[in-house]
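Along the sequence shown, residues are numbered consecutively beginning with 1. All values reported here derive from a predicted model rather than from experimental measurement.
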Amino acid sequence: MLYIVLLKIECEEKMQFLLSSLEYIIPFILVLSVLIFVHEFGHYIVAKWCGVKIEEFSLGFGKKLISRFDKSGTEWKICAVPFGGYVKMFGDSDGSSKPDEEKIKNMTEEEKEVSFPYKKLYQKSAIVFAGPFFNYIFAIMCFLFLFMTYGEQFTKPIVSEIKADSAASISGLQINDEIVEFNGDKIEKFEDVQAIASLNFEKEMPISVKRDGELINLYITPKSETIKNIFGTEEKRGFIGITSYDVSFIRHSNIFIAISRAFENANKIMLGTLKAVGQMITGQRSSAELGGPLKIAKLSKDFASRGAASLIYFISVLSLNLGLINLFPVPVLDGGHLLFFGIEALIRKPVNAKIQDVLFKIGMGLILILAIFITFNDLKSLSIIDFIKNLFYK
C-alpha cells in the first residue's frame, strides 16, 4: 500500500511538471514565432520587391507540420523545431543562403532574372539587411504602441534616498539633488542613470546635479556588485547607491514625440547590448550571463503573466537583440553575408566559392558551439538538471 501511495505521488509530481512545462512552452513558442516571422518576412518582402523568386518560407526547422503553396509557387511551412526559420531563394542551396554553384552555372537567362545570386550587389545587400532592419522597426512599432496606450515608465532623476557607504555618498550627492547629466549624457529619467551606472562599474565618471537651483559638477565611481538576476545567474553590475521614488507612466498623445521616444529607447537598448558584449569579450563580464532558449522560455512565461504591456515590451527587447546579433560578421548570419558583399564591392568580384564554403562551415561550427555553451548556461543557472534528477531518481 505504501508503494502505491508513493507511486501515485510521484506520478502526480511528473504530471505537475508536464503541466508546468506547458506554461513556459506556449508563451515561448508564441514569442519566438513572432520574432522569427518578422525577421524572415523582412528578407522575403524585400526579395520580392527586387524580383527574386522565393522557394520556401519556413518557421522552424525539421519535419513539416503545416505546408501550403501560394500562387507564386512559394511553399509556406511550419516545422517541428521552433528555434529559427529561413527564406530559401532561387539559387540558394539551403536556408542559410549558401549559393548552389551547380544550379547557378546551368541557369537560363530567365532563371537568372529571378535568382538571388544574379541580383545586383546593392539588391542582395538590401535583402540580407532587411531581416535585422525589420526586427528593429518592429521593436519601434511596439514601443510606439506602448507609449501611446499604456504610457512610458518615467521616474524623475531626483535622489530620494542614498545608501550608506555607497558610491553616491562618497561622491557628495545629496537627497533632492536632480541629476541632469551623467558621463556626458543628458539625463531625462532615473532609468537613464541606472543604465549608465550598470555598464560602467569601477569607472570614474562626471555627474552634474541641480541643487537649490545651482548646477554642481561631481565625480562618481559606480561600485561593482555581483548579483543574481531573475534566472539565478550571477552577473556584475555597477551601482551608485541611490533611489528615486517618483515613479509614473506618461502617455504620449503626440505621435511625433512618441516616435522620438520609441527610437531613443530602442537605440539605448542596442547600445547597452553592444557594450555588454564588449565587456564579455574583454573579460569585464562573465560569459555565464549569456542566455538561450530556456531562459527566454522562462522570461516569456514571467512577462506574459504580468500582462500584455510587459509581454510586448519583452518581445520588443528580444527583437532588437535578434536583429543586432544577426548583424555580427559571422558566416551563416546576415552580418557574414554582408561582410562577403563588402569584400566583393572592394575586389569587384565575388569571394571564391570554396573559401565561402569553408567559412560557412566554420561559422556553423561556431554557432553550434555557442548554442551548446548557452544551453549549458541555461541548464546550470535554472537548476534544471538537478530538478529532473530529483524528479525521476529519488
Check your understanding: Would E111 and K53 pass as an ion pair if we require N to O under 4.0 Å?
Key -> no

Review point. Are the side chain of H252 and the backbone of M148 linked by a donor-acceptor contact shorter than 3.5 Å?
Key: no

Review point. Rounded to the nearest 0.5 Å, what separation is found between the CG atom of L338 and the CG atom of D334?
Key: 6.5 Å

Study note, to complete from the structure: Closest non-hydrogen atoms of G84 and F61, given as atom of the first, atom of the second and distance, are CA-CE1, 3.5 Å

Check your understanding: So which heavy atom on K124 is nearest to which on P117, and how close?
Key -> NZ-O, 3.5 Å

Check your understanding: Does the ring centre of F57 sit less than 6.0 Å away from the ring centre of Y86?
Key -> no

Exercise for review: Spell out, as yes or no, whether a donor-acceptor pair under 3.5 Å connects the side chain of K119 to the backbone of C50.
Suggested key: yes

Practice item. Determine the minimum heavy-atom distance between A258 and F147, stating which atoms define it. Key: O-CD1, 4.1 Å

**Study point:** Interatomic spacing from OG in S67 to CD1 in I78 - rounded to 0.5 Å
**Key:** 10.0 Å

**Study point:** Ring center gap for F138 and F134 short of 6.0 angstrom
**Key:** no

**Study point:** Polar contact flag, side-chain donor to acceptor under 3.5 angstrom, E161-Y245
**Key:** yes

**Study point:** Joint cluster assignment, L274 & F129, ILVMFWY side-chain distance < 4.5 Å
**Key:** yes

Review point. Would you say the side chain of K268 lies within less than 4.5 Å of the side chain of N265, judging by non-hydrogen atoms?
Key: no

Check your understanding: With a 4.5 Å heavy-atom cut-off, do I54 and F90 have their side chains touching?
Key -> no

Practice item. Measure the spacing between SG of C79 and NZ of K63 and express it to the nearest 0.5 Å. Key: 11.0 Å

Check your understanding: Within the distance-only criterion (no hydrogens, no angle test), does the side chain of D70 pair as donor or acceptor with the backbone N or O of G73 below 3.5 angstrom?
Key -> yes

**Study point:** E56 with K77: basic N within carboxylate O range, under 4.0 Å
**Key:** yes

Review point. Heavy-atom distance under 4.5 Å between the side chains of E188 and P157, does that happen here?
Key: no

Point to revise | Hydrophobic cluster of I220, others only, ordered by chain and residue number, side-chain cut-off 4.5 Å | key: V159, I162, L173, I175, I179, F182, I187, F190, V193, I196, M205, I207, V209, I216, L218, I240, I242

Practice item. Would you indicate whether the side-chain heavy atoms of V38 and L35 approach each other to under 4.5 Å? Key: no

**Study point:** Side-chain donor or acceptor of S33 paired with backbone N/O of L30 under 3.5 Å
**Key:** no

Exercise for review: Could you please spell out the steps behind the side-chain hydrogen bond (donor to acceptor under 3.5 Å, both in side chains) verdict for T221 and E202?
Suggested key: CA-CA 6 Å; T221 305; E202 306 300 340; over 6 Å; no

Exercise for review: For S319 and I315, indicate whether the former's side chain and the latter's backbone hold a donor-acceptor pair under 3.5 Å.
Suggested key: no

Revision key, fill the gap. CD (E113) and CE (M107) are apart, to the nearest 0.5 Å, by 11.5 Å

Revision key, fill the gap. Distance col, row E264:CD vs D192:CG, nearest 0.5 angstrom, shows 9.0 Å

Practice item. State, without any angle test, whether E181 and N217 hold a side-chain donor-acceptor pair at a distance under 3.5 Å. Key: no

Practice item. Return yes if some donor-acceptor pair links the side-chain N/O of N326 with the main-chain N/O of G323 below 3.5 Å, else return no. Key: no

**Study point:** Over all atoms of both residues, closest heavy-atom pair of M89 and F116
**Key:** SD-CD1, 3.7 Å

Review point. Using a distance-only test with no angle check, is there a side-chain donor-acceptor pair under 3.5 angstrom linking Y136 and N267?
Key: yes

Check your understanding: Does E178 pair with K156 as a salt bridge, N-O distance under 4.0 Å?
Key -> no

Review point. L121, V52: one ILVMFWY side-chain cluster at the under-4.5 Å cut-off?
Key: yes

Check your understanding: Are side-chain heavy atoms of F143 and R261 found at a separation under 4.5 Å?
Key -> no

Review point. Does the distance from a Lys or Arg side-chain N to an Asp or Glu carboxylate O, for E214 and R211, drop under 4.0 Å?
Key: no

Practice item. State, to 0.1 Å, how close A262 and L144 come at their nearest heavy-atom pair, and which atoms those are. Key: CB-N, 4.0 Å

**Study point:** Check: I158 main-chain N/O paired with S244 side-chain donor or acceptor under 3.5 Å
**Key:** yes

Review point. With distance as the sole criterion, is a donor-acceptor pair present between the side chains of T74 and E55 under 3.5 Å?
Key: no

Check your understanding: To the nearest 0.5 Å, how far apart are CD1 in I140 and CG in N135?
Key -> 11.5 Å

Check your understanding: Counting distance only, does the side-chain N/O of S260 pair as donor-acceptor with the main-chain N or O of F256 below 3.5 Å?
Key -> no

Review point. Do L324 and L271 share a hydrophobic cluster (ILVMFWY, side-chain heavy atoms under 4.5 Å, transitive)?
Key: no

Review point. Where the side chain of S125 meets the backbone of Y122, is there a donor-acceptor pair that is under 3.5 Å apart?
Key: no

Check your understanding: Would you say S198's side chain and A195's backbone share a donor-acceptor pair under 3.5 angstrom?
Key -> no

Exercise for review: Search all heavy atoms of I312 against all heavy atoms of C142 and return the closest pair with its distance.
Suggested key: CG2-CB, 3.8 Å

Practice item. State plainly whether one hydrophobic cluster holds both M270 and F328, where clusters connect Ile, Leu, Val, Met, Phe, Trp and Tyr through side-chain heavy atoms under 4.5 angstrom apart. Key: yes

**Study point:** Side-chain heavy atoms of V180 within contact of L215, under 4.5 Å
**Key:** yes

Check your understanding: After noting the C-alpha distance and the side-chain angles of I170 and K223, does the key distance pass the side-chain contact (heavy atoms from CB on, under 4.5 Å) rule?
Key -> CA-CA 11 Å; I170 296 170; K223 290 187 177 180; 4.1 Å; yes

Review point. Does anything in residues 311-324 pair up under salt bridge (charged side-chain N to carboxylate O under 4.0 Å, His left out), and if so which pairs, sequence neighbours excluded?
Key: none

Practice item. Using the six-membered ring wherever Trp is involved, compare the ring planes of F37 and F41 and label them parallel, tilted or perpendicular (cut-offs 30° and 60°). Key: parallel

**Study point:** Heavy-atom side-chain contact between R251 and E152 under 4.5 Å
**Key:** no

Exercise for review: Examine L146 and I255 and state if one hydrophobic cluster contains both, with Ile, Leu, Val, Met, Phe, Trp and Tyr joined whenever side-chain heavy atoms are less than 4.5 Å apart.
Suggested key: yes

Check your understanding: Using the benzene-type ring in the case of Trp, are the ring centres of Y44 and W76 under 6.0 Å apart?
Key -> yes

